[in-house]
A.B. asks: 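I have a structure here, written as structure tokens, and I will follow up with some questions on it.
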Amino acid sequence: LHLSLRRQRQMCIRDREYCLQLGQYRRVVCRGLCSFGIEKTAQVNYFNYVTRPLLRRMFAKGLLGRPPRAPADVPRFRVLVLGIYLTDRVNQASQLVVDFAKSQQHDVDQKWVALGATPPTSDPGLKAVTVRHCRQLIPKFKLLNEMLAGLEVDDYDYIIFTDDDVALCPDFVDAYLAWVASCGFSISQPARTRFSYRDHKFCLRTWGVKARETLFVEIGPVFVFDRAAARHLLPFDERSPMGWGIDFVWPKKTRELNMTMGIIDAVTVDHSYREQGKTYSSSDNRIIMDEFLRDVEHLKPEEARVSIRIYR
């Protein structure tokens, strides 16, 4: 337990978000866990079951700070949010619908698809924007293509693609689009908080940086296309129906189209509700990704995960 806490204190030095977790609350909880003789369990699970949920709540309420103002004002945009939520799993879709709708500066349309055998939620807000219920599990990007098929993407300045297991910082839409427009990114994503689950450390928030122009934007849990990217890069390539590997193809495509892509560190999302790989087979999707990438031009991971320009 002592070793676990020591590691967490080292993480606090690297990221201010963790500093808020230090103090009496941690010591009281640790003493309680140890008093029940579960030191080993505490050592393994303390971060996942105590620190991470507490930081997530603090983040969503704005107690870890609000996004800094972008360097320039932006016009009023028309925004489309496309989301998929799993009815058989605990999800945050109802709260996300509320958070996306809070934009004061932009016109936001939302369309969600419920996926799973369990009937969709009775929450009136989420129910109002749920356009379809699929009882059979359909790969994410195949389903997104079906959602896009009946839409005119040129009608929207930005399209936000989102999963159902993230938490947004306060004023997410307005703050995020201000930074994206200021940086001119056609494909972008908010950085993940340092306490999120992640596949690519490169996508975690970099302290002291507002944004990074990069050659890599991950395919989830939240990513954004502007009108130009939507016009040229949609529909998604269904040879990788779960999207794996598509983010290594985008750098090649954006270069050809003279578009830029990047990560917004000033406006983050939390991805700690559901551990990655819990709802699909990672090994199967990796095989599909390898086969897909053999047939298309792409960058290797070490070539893609680089920052071209830093905004401070």
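Side-chain atoms are counted along with the backbone in the values below, which use heavy atoms only and exclude waters and symmetry mates.
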A.B. asks: Which heavy atom in Leu257 sits nearest to a heavy atom in Leu233, and how many Å separate them?
C.D. replies: CD1-CD2, 4.3 Å
A.B. asks: Can you tell which of Thr162, Thr130, Asp165 makes a side chain to side chain donor-acceptor pair (under 3.5 Å) with Tyr85?
C.D. replies: Thr130
A.B. asks: Please tell me if the side chains of Val81 and Val108 come closer than 4.5 Å, counting only heavy atoms from C-beta onward.
C.D. replies: yes
A.B. asks: Can you spot which of Asp226, Thr260, Asn258 makes a side chain to side chain donor-acceptor pair (under 3.5 Å) with Ser186?
C.D. replies: Asp226
A.B. asks: Between Glu238 and Asn145, does any side-chain donor sit less than 3.5 Å from a side-chain acceptor?
C.D. replies: yes
A.B. asks: Would you check if the side chain of Arg309 reaches a backbone N or O of Arg212 as a donor-acceptor pair within less than 3.5 Å?
C.D. replies: no
A.B. asks: Looking at every heavy atom in both Ile219 and Trp244, which two are closest together, and how far apart are they?
C.D. replies: CD1-N, 3.9 Å
A.B. asks: Salt bridge check: are Arg231 and Asp154 linked by an N-O gap of less than 4.0 Å?
C.D. replies: yes
A.B. asks: Do the non-hydrogen side-chain atoms of Arg286 and Asp290 ever get within less than 4.5 Å of each other?
C.D. replies: yes
A.B. asks: Are Ile263 and Phe172 joined in one hydrophobic group, where the rule is that I, L, V, M, F, W and Y side chains link up if heavy atoms are under 4.5 Å apart?
C.D. replies: no
A.B. asks: Checking Phe292 against Arg239 for the side chain to side chain contact (heavy atoms under 4.5 Å, CB included) test, could you report, in this order, the C-alpha distance in whole Å, the side-chain angles of both residues, the deciding distance, and whether it holds?
C.D. replies: CA-CA 6 Å; Phe292 164 64; Arg239 286 177 291 178; 3.7 Å; yes
A.B. asks: When hydrophobic residues are tied together by side-chain contacts of less than 4.5 Å, even through go-betweens, does Val267 share a cluster with Phe100?
C.D. replies: yes
A.B. asks: Can you confirm whether Glu302 is buried at CD, in the sense that more than 12 heavy atoms of other residues, nucleotides or ligands lie under 6.0 Å from that atom?
C.D. replies: yes
A.B. asks: CD1/Ile159 to CG/Leu148 distance, rounded to the nearest 0.5 angstrom?
C.D. replies: 6.0 Å
A.B. asks: Please enumerate all residues that pass ring-ring contact (aromatic ring centres under 6.0 Å, His included) together with Phe248, with sequence neighbours excluded.
C.D. replies: Phe216
A.B. asks: Do His271 and Tyr197 have ring centroids that are under 6.0 Å from one another?
C.D. replies: no
A.B. asks: Give the C-alpha distance, both sets of side-chain angles, the deciding distance and a yes or no for side chain to side chain contact (heavy atoms under 4.5 Å, CB included) between Asp157 and Val79.
C.D. replies: CA-CA 6 Å; Asp157 297 291; Val79 183; 5.9 Å; no
A.B. asks: Please tell me if the side chains of Phe185 and Trp179 come closer than 4.5 Å, counting only heavy atoms from C-beta onward.
C.D. replies: no
A.B. asks: Please report the shortest heavy-atom distance between Pro53 and Asn48, naming the atom on each side.
C.D. replies: CD-O, 3.2 Å
A.B. asks: Determine, using ring centers only, whether Tyr176 and Tyr158 are less than 6.0 Å apart.
C.D. replies: no
A.B. asks: Would you say the side-chain atoms of Arg274 pair up with the backbone N or O of Val90, donor to acceptor, closer than 3.5 Å?
C.D. replies: yes
A.B. asks: Take Asp265 and Tyr311 through the test side chain to side chain donor-acceptor pair (under 3.5 Å) and record every step on the way to the result.
C.D. replies: CA-CA 9 Å; Asp265 294 277; Tyr311 296 82; over 6 Å; no
A.B. asks: Drop me the distance from Asp247's CG to Leu299's CG, to the nearest 0.5 angstrom.
C.D. replies: 10.5 Å
A.B. asks: For the residue pair Gln189 and Glu218, what are the closest heavy atoms and their distance?
C.D. replies: OE1-N, 2.7 Å
A.B. asks: Hey, are the side chains of Asn91 and Arg89 touching, using non-hydrogen atoms and a 4.5 Å cut-off?
C.D. replies: no
A.B. asks: Taking all non-hydrogen atoms of both residues into account, name the closest pair between Gly262 and Val217 and its distance.
C.D. replies: O-CG2, 3.5 Å
A.B. asks: Please identify each residue that fulfils ring-ring contact (aromatic ring centres under 6.0 Å, His included) with Trp250, with sequence neighbours left out.
C.D. replies: Phe223, Phe225
A.B. asks: Does the side chain to side chain donor-acceptor pair (under 3.5 Å) test come out yes or no for Arg78 and His106, once each step is laid out?
C.D. replies: CA-CA 6 Å; Arg78 189 174 181 199; His106 307 295; over 6 Å; no
A.B. asks: Can you tell me which residue among Cys183, Pro68, Pro67 is in a side chain to side chain contact (heavy atoms under 4.5 Å, CB included) with Lys210?
C.D. replies: Pro68
A.B. asks: Atom CE in Met289, atom NE2 in His298: separation rounded to 0.5 Å?
C.D. replies: 8.5 Å
A.B. asks: Between Pro221 and Phe161, is there a side-chain heavy-atom distance shorter than 4.5 Å?
C.D. replies: no
A.B. asks: Looking at Asp174 and Gln104, would you say the former's side chain and the latter's main chain have a donor-acceptor pair under 3.5 Å?
C.D. replies: yes
A.B. asks: Measure the CG-CD distance between Leu80 and Glu152 for me, rounded to the nearest 0.5 Å.
C.D. replies: 12.0 Å
A.B. asks: State the CE-CD1 distance between Met261 and Ile187, to the nearest 0.5 angstrom.
C.D. replies: 4.5 Å
A.B. asks: So which heavy atom on Arg192 is nearest to which on Asp199, and how close?
C.D. replies: NH1-N, 4.5 Å
A.B. asks: For the hydrophobic clusters of this structure (ILVMFWY residues joined by side-chain heavy atoms under 4.5 Å, transitively), does one cluster hold both Leu234 and Leu82?
C.D. replies: yes
A.B. asks: Show me the donor-acceptor pairs, under 3.5 Å and distance only, between side chains in residues 131-144 and residues at least two apart or in other chains.
C.D. replies:
| from | atom 1 | to | atom 2 | distance (Å) |
| --- | --- | --- | --- | --- |
| Arg132 | NH1 | Glu146 | OE1 | 2.6 |
| Arg132 | NH2 | Glu146 | OE1 | 3.1 |
| His133 | NE2 | Gly116 | O | 2.7 |
| His133 | NE2 | Thr118 | O | 3.4 |
| Arg135 | NH1 | Ala117 | O | 2.9 |
| Lys140 | NZ | Asp163 | OD1 | 2.8 |
| Lys142 | NZ | Glu146 | OE2 | 3.0 |

A.B. asks: Below 4.5 Å, heavy atoms only, C-beta onward: do Arg205 and Thr193 meet side chain to side chain?
C.D. replies: no
A.B. asks: If you count the non-hydrogen atoms of other residues, nucleotides and ligands that lie under 6.0 Å from CD in Glu303, is the total more than 12?
C.D. replies: yes
A.B. asks: Would Tyr273 and Gln92 count as a side chain to side chain contact (heavy atoms under 4.5 Å, CB included) if you check the C-alpha gap in whole Å, the side-chain angles of each, and the deciding distance to 0.1 Å?
C.D. replies: CA-CA 8 Å; Tyr273 283 103; Gln92 306 303 314; 3.2 Å; yes
A.B. asks: Quick one: do Phe236 and Val222 end up in the same hydrophobic cluster if we chain Ile, Leu, Val, Met, Phe, Trp and Tyr together by side-chain heavy atoms under 4.5 Å apart?
C.D. replies: no
A.B. asks: Lys111 and Leu151: side chain to side chain contact (heavy atoms under 4.5 Å, CB included), yes or no, with the steps?
C.D. replies: CA-CA 11 Å; Lys111 298 182 184 300; Leu151 299 173; 3.5 Å; yes
A.B. asks: Would a distance-only check, ignoring hydrogens and angles, find a side-chain to backbone donor-acceptor pair under 3.5 Å from Asp123 to Ser94?
C.D. replies: no
A.B. asks: To the nearest 0.5 Å, what is the distance between OG (Ser122) and NZ (Lys127)?
C.D. replies: 7.5 Å
A.B. asks: Under 4.5 Å between side-chain heavy atoms, counting indirect links through other Ile/Leu/Val/Met/Phe/Trp/Tyr residues: same cluster for Leu126 and Val166 or not?
C.D. replies: yes
A.B. asks: Taking side chain as C-beta onward, heavy atoms only, is Lys102 less than 4.5 Å from Asp171?
C.D. replies: no
A.B. asks: Heavy-atom distance under 4.5 Å between the side chains of Thr214 and Val306, does that happen here?
C.D. replies: no
